[in-house]
Asks: 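Let me begin by handing over the structure; questions about it come next.
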Amino acid sequence: MPTLTIDGIEVEVEAGLTVLQACEQAGIEIPRFCYHERLSVAGNCRMCLVEMERAPKPVASCAMPVGDGMVITTNSPAVKKMREGVMEFLLINHPLDCPICDQGGECDLQDQALGYGLDRSRYTEQKRAVKDKDLGPLIGTEMTRCIHCTRCIRFSSEVAGVPEMGATGRGEHMEVGTYIEKALTSELSGNMIDLCPVGALTSKPYAFSARPWELKKTESIDVMDAVGTAIRVDTRGPEVMRVLPRLNEDVNEEWISDKGRFACDGLKRQRLDTPYVRRDGALQPATWDDAFAAIAENLKGQDGSSFAAIAGDMACVESMTALKNLSEALGSNNTDCRADGAALDAGTRAGYLFNTTIAGIDDSDACLIIGSNPRREAPVINARIRKRYLMGGFKAGLVGESVDLTYACDNLGAGVETLNEILEGKHAFSKVLKNAKKPMLILGQGALMRSDGAAVLGLARKLAEAYDMVTDGWNGFNVLHTAAARVGGLDIGFVPSKGGLDVAGILDGAVSGKIKTVYLLGADEIDTSKLANAFVIYQGHHGDAGAHAADVVLPGAAYTEKNATYVNTEGRIQHTRLAVFPPGDAREDWTIIRALSDVLGKTLPCNSLDDVRSRMAAMNPVFGGEELVTAEWGTFGSDGAIESGGFASCIETYYMTDPISRNSETMARCIRALYGDSEGKTGTDG
């Protein structure tokens with residue numbers, strides 16, 4: 001390991017680091033604009049200049065590898081003068097926009113100018129002006145502010161894998177933008193806003209809305225998909241102003257999907273803020289007592305087997321726990337959290353988890369993707385797979401519809417026939433899996449939602465076992481979920497118990513009259529037309545499909561409005577935090593079910609959030625802590641016949657997949673900009 005001296009301090013660092021990284025390890029901060037630890041080195045801003053002994057001129061510390069015996073000086077008068085000169089150059093053309101710039105208060109250029117800016121400039125020429133670029137409905141541009149750091153260009157080509165950003169011209173005439181003016185198509189494009197060290201790229205929906213010092217910041221997690229991205233919710237008064245990513249190396253690093261970032265404006269539209277009861281064929285506002293009385297009247301004298309409960313894709317574990325307990329108290333076994341009909345077996349936890357873990361993707365050397373489009377279903381995980389691909393020594397194959405996943409991925413075939421060939425060793429990709437040291441497969445919901453989903457699950461298990469994907473210290477079998485509620489629901493057993501009906505059975509029972517009452521806990525991704533003959537109770541936060549079919553509507557809380565537990569696709573226990581209070585008479589979901597149980601004479605023994613979480617831990621020990629628990633391998637799926645036909649992703653339109661994004665004006669603009677008005681509006685196949 002090389003040893004070097006930095007500002008008189010001897011430091012030993014790993015070989016291959018740069019001088020800038022060595023300085024950071026020594027606790028010395030080096031100013032920079034173009035350097036970012038997750039992007040390739042550009043070395044074009046020169047703000048990180050330092051002195052190196054025996055070097056004829058200053059060196060860019062971000063691009064200089066460490067060497068044994070180096071003597072580096074970062075705090076001399078000469079270094080300060082160099083940085084002041086660089087800052088003077090950067091500010092030649094920079095407009096005096098700070099009072100109106102959305103980056104104000106969070107701007108790297110402002111921060112560095114405070115330390116290295118001069119009180120005058122020697123340049124009297126007119127400032128350069130650059131025409132703004134139209135990058136679509138998400139990113140606003142003020143390209144005169146651009147300092148040519150090229151972070152956005154490197155992100156789009158390296159991390160997002162959609163190289164739409166670039167530079168044209170040279171020197172003062174260089175301009176950053178899309179080569180052909182069009183909306184960016186990456187599902188991770190909003191991260192360029194965070195990367196931009198000045199106000200050249202800003203959030204278009206958030207423009208001129210608030211200043212950072214006005215906002216209350218709450219750490220939470222994103223529930224727009226099942227990744228469990230760490231986020232920060234910024235609020236002002238009762239309104240969520242923006243959502244930003246937080247650092248979590250094991251899950252999302254520091255990235256966030258565009259839907260998770262920008263769909264938050266859907267939180268203030270079409271909200272349920274008071275109970276409703278259907279009278280004379282129309283939903284009428286009511287009090288909580290009226291709503292509970294209507295439910296109690298309907299359930300009076302009703303057999304428990306005619307009651308059913310379906311949990312939606314954004315339900316928290318606390319509310320599902322309370323609803324499961326209430327269903328059991330009423331004598332019903334008809335509960336299901338698999339609203340899309342996915343044939344997942346709750347008996348074996350390894351059979352429905354992303355067992356490799358998201359960070360574990362970095363260790364894999366081969367990947368078989370079955371019936372999934374990770375780019376749409378989990379953009380952050382897709383970026384992680386791309387990162388592994390760029391490291392080299394990694395092969396990926398896709399069974400399903402041909403899509404651009406942003407990395408080289410062989411299209412192996414459309415459906416089950418290909419899987420059988422791979423299992424029997426007759427396919428060319430069989431050799432790749434056999435020679436891999438740590439192979440993995442990713443099974444998407446599109447393959448599990450079919451009528452033969454259980455058999456497909458069983459076939460995927462056989463593939464994992466046949467190619468040694470499950471060994472000591474490595475489990476390469478992965479189910480990629482799209483619903484934030486799904487793993488948590490399976491963990492507490494929110495599935496039909498003995499003799500109970502699943503979602504399809506509940507809907508058919510509602511048509512035939514066997515099921516008389518259906519409780520929808522935020523379940524909007526079902527065929528509500530089959531519920532016309534049943535008494536429907538809908539509990540949720542938006543007036544979506546489930547609310548329109550309801551006889552009683554109970555207003556619940558969105559993920560930003562409650563302290564709640566979710567389990568991500570890899571089985572990680574995570575918590576949302578209350579950032580704002582629910583609107584109007586809306587309440588936290590588990591408290592609604594607890595209050596209803598009182599009225600029904602089936603009082604649940606949970607009087608606080610801690611009581612509910614204790615009950616969760618009793619139902620499944622994984623809720624006793626927040627450590628990622630390795631699941632035991634077992635038997636799951638079935639050996640039934642598998643239909644022919646290709647696999648398809650469960651997501652049709654990325655930008656609208658849930659009640660929040662469907663009510664987001666920003667997401668609607670994305671669909672109009674990228675697909676046109678004729679594209680499907682439902683967001684899911686289910």
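Treat the numbers as computed from the prediction; the structure is a model and nothing was measured. Heavy-atom basis, side chains included; hydrogens, waters and symmetry copies ignored.
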Asks: Just by modelled atom types, is the Thr185 backbone N or O under 3.5 Å from a matching donor or acceptor in the Glu164 side chain?
Replies: yes

Asks: Judged by atom type as modelled, is there a donor-acceptor pair below 3.5 Å linking the side chain of Glu570 to the main-chain atoms of Ile358?
Replies: yes

Asks: I'd like to know if Glu181 pairs up with Lys131 as an ion pair, taking the criterion as any Lys NZ or Arg NE/NH1/NH2 lying under 4.0 Å from an Asp or Glu carboxylate oxygen.
Replies: no

Asks: Answer yes or no: are there more than 12 heavy-atom neighbours, outside Glu627 itself, under 6.0 Å from its atom CD?
Replies: no

Asks: State whether a side-chain donor-acceptor pair under 3.5 Å links Thr202 with Gln103.
Replies: no

Asks: Can you name the one residue among Asp658, Thr666, Thr657 that meets side-chain hydrogen bond (donor to acceptor under 3.5 Å, both in side chains) with Lys259?
Replies: Thr657

Asks: Taking the side chain from Lys562 and the backbone from Thr560, do they hold a donor-acceptor pair closer than 3.5 Å?
Replies: no

Asks: Give a yes or no on whether the backbone of Glu158 and the side-chain of Arg386 come within a donor-acceptor separation of less than 3.5 Å.
Replies: yes

Asks: For Gly228, does its backbone N or O pair with a side-chain atom of Gln574 as donor and acceptor, under 3.5 Å?
Replies: yes

Asks: Could you check whether any side-chain N or O of Arg376 sits under 3.5 Å from a backbone N or O of Glu652, counting only pairs where one atom can act as donor and the other as acceptor?
Replies: yes

Asks: Do any N or O atoms from the side chain of Asp97 and from the backbone of Cys101 form a donor-acceptor pair under 3.5 angstrom?
Replies: no

Asks: A quick test of your reading: do over 12 heavy atoms of other residues, nucleotides or ligands sit less than 6.0 Å from CG of Leu114?
Replies: no

Asks: Between Arg594 and Trp590 (side chain of the first, backbone of the second, donor and acceptor by atom type, cut-off under 3.5 Å), is there such a pair?
Replies: no

